[in-house]
Amino acid sequence: MAFVTEQQIRKFHEDGFLVLEEFFTTEECDAMRKQIHKIIADMEVPSHCRTEFSTKEEEQLQAQGSTDYFLTSGDKIRFFFEKGVFDKKGEFLVPKEKSVNKVGHALHAYDPIFKQMTHSSKVQELGRKLSLEKPVVVQSMYIFKQPGIGGEVTPHQDATFLYTEPLGRVLGLWIALEDATQENGCLWFIPGSHTGGVTRRMVRAPPGSTPCVQFLGSEQPYEDSQFIPVPIGKGGLILIHGEVVHRSELNSSNSSRHVYTFHLMEAKDTIWSRENWLQPTPELPFPSLYL
Ligand code: AKG
């Protein structure tokens, strides 16, 4: 693997993100892509996507169904779709492998290939280089950024969604399984934006409410000129500080931009907010990165 130098670690602390090209091999990337292909071939379409609704009550039930599906996905492998990919009867309007926006949020726990990559010795070594003492894996996602329809991700800080006390304990590892370019929707960052805390938090709404989460505070306005594009080759890894501001654009190209991403938390002396949408469960307490 790419050896991580002290200078790179310093750069990470300075910028709030770090690019590590060729962290995973082509073979490892292809193994992940092959595995997701199998998972999608076997996927069961969630019932709230199949429901035809015509009355207000049915509409509410459908919204509640998708709320529950999301809120209880932290310890499961579940499917989240692009808009407009189902007809009224819940049948696919596009090939099903082109319909999925992402798969989340526990591939790292329940799928053997993603589990192996998440806990690979090079990821563990990276954790040690970053002086993480008790890192745990809180969630994972496979993001497709489908050609032509893969939606934009608006500017945000991951700690908005994954809040800890103190801050500064969450890290994203974002692995390009194909080249990520400006054309197909690479990440963009505001270098150095990770030092001012968070201005917006997404918290669980009271049980039974729709939507199931609400925002406290608001995202600051950012200028486009503050962001820099960060293209990266297949196999590259971007390390993302929990408070650095980042975004990605709509993929209007003809190529997909698959990534596998997961988040770590340094659990030593850290409180995971009970208000986060994502909670550890008896079935899946956050697993230690170090096996
Ligand atoms: C995140 O995982 O926090 C992202 O911002 C991912 C955005 C993307 O992959 O386009």
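Numbering of ligands and ligand atoms starts at 1, following listing order.
Near K145, meaning under 4.0 Å from any of its heavy atoms, are these atoms of ligand 1: 10 (O).
Atom 5 (O) of ligand 1 has its closest protein heavy atom at H156 CE1, 2.9 Å. Shortest contact from atom 9 (O) of ligand 1 to any protein heavy atom: R257 NH2, 2.8 Å. For atom 3 (O) of ligand 1, the closest non-hydrogen atom on the protein side is D158 OD1, 2.8 Å. Nearest protein heavy-atom contact of atom 10 (O) of ligand 1 is S248 OG, 2.6 Å. Of the protein's heavy atoms, M141 CE, 4.0 Å lies nearest to atom 2 (O) of ligand 1. Closest protein heavy atom to atom 6 (C) of ligand 1: W174 NE1, 3.8 Å.
At a cut-off of 3.5 Å, with distance as the only test, a side-chain donor of S256 or E178 sits close to an acceptor on the other residue.
Aromatic ring centres of F286 and H263: separated by at least 6.0 Å. You'll find the ring centres of W174 and H246 outside the 6.0 Å limit. Ring pair F17/F12: centre-to-centre distance not below 6.0 Å. No close placement of the H108 and F262 rings is indicated, their centers lying 6.0 Å or farther apart.
Ligand 1 lies within reach of L187, whose nearest heavy atom is under 4.0 Å from it.
In terms of hydrophobic clustering, with Ile, Leu, Val, Met, Phe, Trp and Tyr side chains grouped at heavy-atom distances under 4.5 Å, V245 and V230 are assigned to different clusters. Follow the hydrophobic side-chain contacts under 4.5 Å out from L216 and you never reach M202; the two are in separate clusters.
In terms of polar-atom proximity, H263 is not counted as a contact of ligand 1, lacking any N or O under 3.5 Å from an N or O of the ligand.
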